[in-house]
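Working notes, structure below.
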Amino acid sequence: MRSLDALIAPAFYRVHREIDNYTHFWLCGGRGSAKSSFVSIEIILGMMKNPDANAVALRKVGAYLRDSVFAQLEWAVQKLGVADMWEIKPSVPEMIYKKTGQKILFRGADKVQKLKSTKVTNGYIRYIWYEELDEFYGMKEIRSINQSMMRGGEKFTVFYSYNPPANRRSWVNREAVSEREDMLIHKSTYLDVPREWLGEQFFLEAEYLKKLHIDRYRHEYLGEVTGTGGEIFDNLEIRSITREEIDGFDNIKCGVDFGFAADPFVYVICFFHNNRLYIFDEIYARGLTNNAAAERIMKKGYADKMIVCDSAEPKSINDLRYFGLRARGAKKGPDSIEYGIKFLQGLEKIVIDCARCPNAAREFSEYELERDIDGEFRSVYPDKNNHSIDAVRYALEDEISRKKARIINRRDLNL
């Protein structure tokens with residue numbers, strides 16, 4: 001077996017020494033920072049030392065497994081000189097340590113519920129690897145997966161490898177500053193890696209981008225959270241909303257954005273007062289029938305409130321009414337999206353409960369203007385990953401319309 005000095009970048013020596021002292025390893029870095037190489041080496045070494053240890057490597061989208069984590073772990077057994085001890089099964093995909101039958105499983109988190117059936121015959125799943133962590137939907141999803149897999153053993157090692165999103169409010173960046181005694185946070189860059197590992201051309205490309213776009217270089221190569229400049233909501237406060245606060249809410253607003261397969265069904269409950277918005281509960285689910293959605297709405301405890309829904313789904317609105325809910329379609333209009341978003345931008349504060357509403361927190365935090373082919377921001381608001389935002393716009397339709405009417409009246413008076 002080859003010396004580890006030739007396989008692990010110096011920046012990771014400390015992490016390697018601490019591998020048994022922590023459970024959660026957050027490995028942040030830019031391009032070429034060797035974080036994925038380190039994880040793959042650690043998993044192979046750890047499994048060969050511990051005969052009851054198995055591993056699961058995950059990507060959010062299963063289609064990316066073979067060309068990323070699978071290829072990386074295959075590289076690790078080659079570099080360690082132990083390829084003859086492992087059975088590589090690309091078609092499954094799966095890797096098996098021949099001596100003991102230990103397995104490395106590869107799973108996509110496209111449908112998190114299916115991961116609950118992930119099992120191994122011998123031993124337990126000790127190693128869990130989330131590659132491209134920022135692709136996942138948030139810590140609620142991560143916790144759900146961990147709870148399904150971290151069973152039956154005394155020691156677990158969970159790797160989270162990612163390039164930090166540029167958006168400062170991304171859930172990954174927020175979570176990476178949390179404090180847990182069993183969590184080690186590590187950052188590396190390509191500058192910490194032996195030059196010959198990456199090749200001269202890699203460094204030339206990095207230097208070229210550094211001269212051309214220093215902020216993109218800092219984000220892409222140094223893994224810095226630079227902010228994109230395209231953040232749409234700069235008035236967010238992501239925090240827990242206390243039960244005491246909720247008990248004092250009276251002007252409750254509810255909204256629904258319909259979806260089923262590709263898009264989720266979204267129901268939000270908000271409180272609006274004194275130019276501040278509090279989003280304190282949600283339903284966010286795919287594959288939810290109108291019947292099931294109505295039952296879940298009833299259980300939230302605000303079934304007597306008017307629900308303003310996406311008017312493009314009149315049948316679904318009628319279904320909600322049939323099940324006893326007060327529901328109506330949003331009036332919309334040619335400029336309703338733009339005006340609704342500007343209304344939300346103009347609020348003094350949008351407070352979102354990160355525990356009760358993780359999806360609303362994610363969508364509002366990560367909602368950004370897109371760039372054109374020249375790298376300039378587009379002038380239109382993107383119509384994707386905004387289901388919670390649409391539901392909130394519908395919920396506040398009356399407030400938005402009143403403000404719009406006041407503005408129009410002032411304009412008329414000034415004519």
Side-chain angles (χ1 to χ4, degrees), residues 111 113 137 232-233 249-272 277-345 347 350 352 356-364 367 380-408:
K111 295 184 178 179
Q113 293 299 318
Y137 287 158
I232 291 172
F233 298 108
F249 292 165
D250 52 6
N251 189 24
I252 303 298
K253 305 287 186 179
C254 303
V256 161
D257 186 45
F258 290 107
F260 184 76
D263 293 331
F265 171 91
V266 179
Y267 169 72
V268 295
I269 308 176
C270 316
F271 166 63
F272 180 75
L277 175 67
Y278 296 79
I279 305 171
F280 63 95
D281 211 344
E282 70 173 23
I283 297 171
Y284 192 104
R286 290 178 173 81
L288 200 64
T289 65
N290 291 333
N291 186 4
E295 289 180 354
R296 290 183 61 174
I297 290 172
M298 290 284 192
K299 291 178 182 178
K300 290 292 184 181
Y302 295 90
D304 61 322
K305 303 299 182 183
M306 176 61 71
I307 305 170
V308 185
C309 309
D310 181 359
S311 56
E313 295 262 3
K315 179 183 178 300
S316 294
I317 295 172
N318 284 333
D319 286 345
L320 295 185
R321 290 173 180 160
Y322 177 80
F323 294 118
L325 295 169
R326 298 176 62 206
R328 68 169 175 84
K331 298 181 180 66
K332 295 189 175 182
D335 60 349
S336 60
I337 295 176
E338 181 176 359
Y339 197 86
I341 290 175
K342 287 182 176 178
F343 175 88
L344 294 172
Q345 288 175 316
L347 296 178
I350 301 174
I352 307 177
R356 296 184 181 91
C357 309
N359 297 289
R362 171 178 54 82
E363 289 191 353
F364 271 87
Y367 195 51
V380 297
Y381 296 114
D383 186 21
K384 62 181 181 181
N385 301 322
N386 60 340
H387 313 291
S388 301
I389 298 169
D390 285 344
V392 169
R393 286 195 301 105
Y394 301 146
L396 295 179
E397 183 180 67
D398 288 345
E399 302 291 344
I400 295 170
S401 296
R402 277 194 284 270
K403 182 173 182 179
K404 186 175 183 181
R406 288 196 299 269
I407 292 173
I408 292 173

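The closest side-chain heavy-atom distance from Leu277 to Phe343 is not below 4.5 Å. Side-chain contact between Tyr394 and Ile307 is absent, with no heavy-atom pair separated by less than 4.5 Å. The closest side-chain heavy-atom distance from Leu344 to Phe364 is below 4.5 Å. With contacts defined as side-chain heavy-atom distances shorter than 4.5 Å, the pair Ile389/Ile232 does not qualify. Between Tyr284 and Val268 there is no side-chain heavy-atom pair separated by less than 4.5 Å. At least one side-chain heavy atom of Leu325 sits under 4.5 Å from a side-chain heavy atom of Met298. Taking 4.5 Å as the limit, every side-chain heavy atom of Arg296 sits out of range of all side-chain heavy atoms of Tyr267.
Ser311 places no side-chain N or O within donor-acceptor distance of the main-chain N or O of Lys331, the cut-off being under 3.5 Å.
Scanning both residues, Phe265 and Ala293, for their nearest heavy atoms gives CZ-CB, 3.6 Å. A pairwise comparison of heavy atoms in Gly329 and Ile317 identifies CA-CD1, 3.6 Å as the closest pair. In this structure, Cys309 and Ala327 approach most closely via the heavy-atom pair SG-CB, 4.0 Å. Nearest approach of Phe258 to Ser316, heavy atoms of both residues: CE2-CB, 3.4 Å. The two residues Ala292 and Leu288 have their closest heavy-atom pair at CB-CD1, 3.7 Å. Pairing each heavy atom of Ala294 with each of Leu320, the nearest pair is CB-CD2, 4.2 Å.
In terms of the side chain to side chain contact (heavy atoms under 4.5 Å, CB included) criterion, residue partners of Lys305 (sequence neighbours excluded) are, by chain and number, Ile252, Cys254, Tyr302.
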Do Ile341 and Phe233 pass the side-chain contact (heavy atoms from CB on, under 4.5 Å) test, and can you show the C-alpha distance, the side-chain angles, and the key distance before you say yes or no? CA-CA 9 Å; Ile341 290 175; Phe233 298 108; 4.1 Å; yes

Given Phe271 and Asn251, is the side-chain contact (heavy atoms from CB on, under 4.5 Å) satisfied, shown in steps? CA-CA 6 Å; Phe271 166 63; Asn251 189 24; 4.1 Å; yes

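Glu282 CD to Lys300 NZ: the interatomic distance, rounded to the nearest 0.5 Å, is 7.5 Å. If you take CG on Leu396 and OG on Ser401, they are separated by 10.5 Å, rounding to the nearest 0.5 Å. We find the SG-OH distance between Cys270 and Tyr278 to be 12.5 Å, quoted to the nearest 0.5 Å. Distance check, rounded to the nearest 0.5 Å: CG of Asp263 to CG of Asp310 gives 10.5 Å. With values rounded to the nearest 0.5 angstrom, Ile279 atom CD1 is found 7.5 Å from Ser388 atom OG.
A 6.0 Å sphere centred on OH of Tyr137 holds no more than 12 heavy atoms belonging to other residues, nucleotides or ligands. With a 6.0 Å radius and a threshold of 12 heavy atoms from other residues, nucleotides or ligands, Lys332 has its NZ atom above the threshold.
Ion pairing between Glu338 and Lys342 holds under the 4.0 Å rule for side-chain N and carboxylate O.
Here salt bridge (charged side-chain N to carboxylate O under 4.0 Å, His left out) pairs that include residues 312-329, with residues two or more places apart or in two chains, are Lys315-Asp319, Arg328-Glu397, Arg328-Asp398.
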